[in-house]
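In what follows, a structure is listed as structure tokens, so that the remarks can point back to it.
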Amino acid sequence: QMDLVESGGGLVQAGGSLRLSCTASGRTFSYYHLAWFSQAPAKGRESVASINYSSTETYYADSVKGRFTIYRDNAENKLYLEMNNLKAEDTAVYYCAASALFRGPTTVYPYWGQGTQVTVSS
């Protein structure tokens, strides 16, 4: 079992920055692989970034490369998404997700948080 809670969303101007956080519960947190997804209104969830358990491998969607950074602190059971140079099209609910198995961009994530809203105004 894995419980995930996101925070850090809000309203920002285009070109601004946010840092999203995801706090996980469970003694085996350090063995789970993690990811961030986004879901805009009337759209399905899209992969944003992912990271393996040891932070030795990361993946990013083309739309966020060079702007977003995913990282984790296993000692604190936290996952982060640093979001820079935000655009209006980044507006979405952002979710963190976890999996005990990792297959890079094709990983299936069975555990999800409730999401945090990010709104970018122009």
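Computed from a predicted model, the values in this text were never measured in an experiment.
The minimum heavy-atom distance linking Leu34 with Ile70 is given by the pair O-CD1, 4.3 Å. When all heavy atoms of Val5 and Gln114 are compared, the closest pair comes out as CA-OE1, 3.5 Å. Residues Leu18 and Val118 share a closest heavy-atom pair of CD1-CG1, 3.9 Å. Contact record, Ala40 with Ala92: N-CB, 3.8 Å, taken as the closest heavy-atom pair. Looking at every heavy atom in both residues, Ala49 comes nearest to Tyr60 through CB-CD2, 3.6 Å. The minimum heavy-atom distance between Ala24 and Phe29, with the atom names listed, is CB-CD1, 3.2 Å.
In this structure Asn84 satisfies the side chain to side chain donor-acceptor pair (under 3.5 Å) test together with Ser17, sequence neighbours excluded.
Looking at Leu4 and Trp112, their side chains never come closer than 4.5 Å, going by heavy atoms from C-beta outward. Side-chain contact between Asp90 and Phe68 is present, with at least one heavy-atom pair separated by less than 4.5 Å. Residues Gln39 and Tyr94 fail the side-chain proximity criterion, which asks for heavy atoms closer than 4.5 Å. Put simply, the side chain of Ser121 reaches to within 4.5 Å of the side chain of Leu11, judged on heavy atoms. For the pair Lys87/Asn85, no side-chain contact is recorded, criterion being any heavy-atom separation below 4.5 Å from C-beta on. Annotation: side chain of Ser50 is not in contact with side chain of Trp36 (no heavy-atom distance under 4.5 Å). Contact of the Asp3 side chain with the Tyr111 side chain is not registered, since no non-hydrogen atoms from C-beta on lie closer than 4.5 Å.
Put simply, Met83 and Ile51 are part of the same group of oily side chains (I, L, V, M, F, W, Y) that touch within less than 4.5 Å, one to the next.
With hydrogens and angles disregarded, no donor-acceptor distance shorter than 3.5 Å links the side chain of Glu46 to the backbone of Ser38. The main-chain N or O of Val120 is found under 3.5 Å from a side-chain atom of Thr91 such that the two form a donor-acceptor pair.
For Glu76, the CD atom is loosely surrounded, since the number of other residues' heavy atoms within 6.0 Å does not exceed 12. Counting non-hydrogen atoms of neighbouring residues, nucleotides and ligands closer than 6.0 angstrom, the OH atom of Tyr53 reaches no more than 12 such neighbours.
Seen from the ring of Tyr32, Arg72 does not count as a face-on cation partner, given the 6.0 Å and 45° thresholds.
Thr23 and Lys78 are linked by a side-chain donor-acceptor pair at a separation below 3.5 angstrom, with hydrogens and angles left out of the test.
Interatomic distance, Gln13 CD to Leu86 CG, rounded to the nearest 0.5 Å: 11.0 Å. Taking CD from Glu89 and OG from Ser63, the interatomic distance works out to 8.5 Å, rounded to the nearest 0.5 Å. To the nearest 0.5 Å, atom CG of residue Leu20 and atom OG of residue Ser7 are 8.0 Å apart. Here Asn74 contributes atom CG and Ser54 contributes atom OG; the two are 8.5 Å apart, rounded to the nearest 0.5 Å. Rounding to the nearest 0.5 angstrom, the gap separating the OH atom in Tyr80 from the SG atom in Cys22 is 10.5 Å.
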Show which side-chain atoms of residues 96-106 pair as donor or acceptor with protein atoms under 3.5 Å away, not counting sequence neighbours.
residue: Ser99; atom: OG; partner: Leu101; partner atom: N; Å: 3.1
residue: Ser99; atom: OG; partner: Leu101; partner atom: O; Å: 2.7
residue: Ser99; atom: OG; partner: Val108; partner atom: O; Å: 3.2
residue: Thr106; atom: OG1; partner: Arg103; partner atom: O; Å: 2.8

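Note: Tyr95 and Phe37 fail the aromatic proximity criterion, with ring centroids not under 6.0 Å apart.
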